[in-house]
**Student:** 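Would you mind keeping the following structure in view while I ask a few things?
For clarity, every value in this text was computed on a predicted model and none was experimentally measured. Nothing fancy with the numbering, it's 1 onward along the sequence.
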Amino acid sequence: QLQLVESGGGLVQPGGSLRLSCAASGFSLDTYAIGWFRQAPGKEREEISCITSNGGSTNYADSVKGRFTISRDNAKNTVYLQMNSLKPDDTARYYCAAGGPSCRVLLSYLQVWGQGTLVTVSS
């Protein structure tokens, strides 16, 4: 069974940092592009970052550029999202998804979503 499990969310103060993990089980991530998405209550889902299967290319939404960094460790079957300088507007549930083969068509050829992990940024 294909499964992605996100972890690392929690409550942080503005300006703080978190690292999210997206771990795969039942399949290997090494042939898939992986995207990070978020959705806040009352708002539409937003794609915030994506990384290609070999890690050679990454992209970011304007809202997180310069603050978030996506990376992957295929040996550990895990993708990470390092989030720095967090703002209250970053509060959302964060999801990872596997698809592709490229980031541009990740959702068009979606394989699986994770269940999400909640990030709350508040003082």
Side-chain angles (χ1 to χ4, degrees):
Q1 181 177 346
L2 280 65
Q3 187 176 7
L4 294 176
V5 178
E6 301 94 333
S7 62
L11 174 65
V12 296
Q13 294 186 346
S17 298
L18 286 174
R19 189 181 75 159
L20 306 183
S21 297
C22 173
S25 62
F27 72 108
S28 177
L29 286 181
D30 61 4
T31 62
Y32 296 96
I34 305 297
W36 281 99
F37 302 78
R38 67 185 182 186
Q39 188 165 25
K43 295 185 178 180
E44 295 185 350
R45 185 183 63 208
E46 177 187 17
E47 181 179 356
I48 57 173
S49 189
C50 186
I51 187 167
T52 54
S53 60
N54 65 0
S57 181
T58 60
N59 57 52
Y60 300 91
D62 288 342
S63 57
V64 306
K65 283 181 180 177
R67 300 187 298 119
F68 291 10
T69 303
I70 191 170
S71 62
R72 67 190 302 156
D73 186 342
N74 285 342
K76 296 182 178 179
N77 222 20
T78 302
V79 172
Y80 305 96
L81 184 69
Q82 178 67 44
M83 307 188 298
N84 298 325
S85 301
L86 284 162
K87 305 174 181 179
D89 285 349
D90 295 319
T91 296
R93 183 168 291 274
Y94 286 71
Y95 302 86
C96 60
S102 67
C103 289
R104 182 174 59 84
V105 298
L106 186 152
L107 292 179
S108 297
Y109 299 96
L110 180 71
Q111 297 300 309
V112 63
W113 285 96
Q115 85 291 339
T117 185
L118 181 63
V119 173
T120 302
V121 185
S122 177
S123 59

**Student:** Restricting to non-hydrogen atoms, name the atom on C103 and the atom on N59 that form the minimum distance, rounded to 0.1 Å.
**Tutor:** CB-ND2, 3.7 Å
**Student:** Is it true that K65 and D62 have a side-chain N and a carboxylate O under 4.0 angstrom from each other?
**Tutor:** yes
**Student:** Check whether any side-chain N or O of Y32 sits under 3.5 Å from a backbone N or O of L106 as a donor-acceptor pair, and report yes or no.
**Tutor:** no
**Student:** Is the backbone of A33 close enough, under 3.5 Å, to the side chain of R72 for a donor and an acceptor to pair up by distance?
**Tutor:** no
**Student:** Under a 4.5 Å side-chain heavy-atom rule over Ile, Leu, Val, Met, Phe, Trp and Tyr, are F68 and W36 clustered together?
**Tutor:** yes
**Student:** Would you kindly confirm whether Y94 and F37 end up in one hydrophobic cluster when ILVMFWY residues are joined by side chain heavy atoms under 4.5 Å apart?
**Tutor:** no
**Student:** Search all heavy atoms of I70 against all heavy atoms of T58 and return the closest pair with its distance.
**Tutor:** CG2-CG2, 3.7 Å
**Student:** Hey, quick one: are Y80 and V119 part of the same hydrophobic cluster, counting side-chain heavy atoms closer than 4.5 Å, chains of contacts allowed?
**Tutor:** no
**Student:** Considering only distance and modelled atom types, tabulate donor-acceptor pairs under 3.5 Å from the side chains of residues 110-117, sequence neighbours left out.
**Tutor:**
from: Q111; atom 1: NE2; to: Y109; atom 2: O; distance (Å): 3.4
from: Q115; atom 1: NE2; to: E6; atom 2: O; distance (Å): 3.2
from: Q115; atom 1: NE2; to: E6; atom 2: OE1; distance (Å): 3.4
from: T117; atom 1: OG1; to: G9; atom 2: N; distance (Å): 3.2

**Student:** Could you give the distance from OG (S49) to CD (Q82), rounded to the nearest 0.5 Å?
**Tutor:** 12.0 Å
**Student:** If I take atom SG from residue C22 and atom CG from residue L4, how far apart are they, to the nearest 0.5 angstrom?
**Tutor:** 4.5 Å
**Student:** Determine whether I51 and L107 fall in the same hydrophobic cluster, where Ile, Leu, Val, Met, Phe, Trp and Tyr are linked whenever their side-chain heavy atoms lie under 4.5 Å apart.
**Tutor:** no
**Student:** Distance-only, no hydrogens or angles: does the S85 side chain make a donor-acceptor pair with backbone N or O of R67 under 3.5 Å?
**Tutor:** no
**Student:** Run the side-chain donor-acceptor check on residues 13-21: report pairs under 3.5 Å with partners two or more places apart or on a different chain.
**Tutor:**
from: S17; atom 1: OG; to: N84; atom 2: OD1; distance (Å): 2.9

**Student:** Return the CG to CD1 distance between N74 and I34, rounded to the nearest 0.5 Å.
**Tutor:** 8.5 Å
**Student:** Closest heavy-atom contact between V79 and S71?
**Tutor:** CG1-O, 3.2 Å
**Student:** Give a yes or no on whether L29 and V5 share a hydrophobic cluster (residues Ile, Leu, Val, Met, Phe, Trp, Tyr; joining criterion: side-chain heavy atoms under 4.5 Å apart).
**Tutor:** no
**Student:** Over all heavy atoms of both residues, which pair between A40 and T91 is shortest? Give the atoms and the distance, please.
**Tutor:** CB-O, 3.6 Å
**Student:** With side chains defined as the heavy atoms from C-beta onward, is the minimum distance between D90 and R38 less than 4.5 Å?
**Tutor:** yes
**Student:** So, does N77 use its side chain to make a donor-acceptor pair with the main chain of D30 at under 3.5 Å?
**Tutor:** no
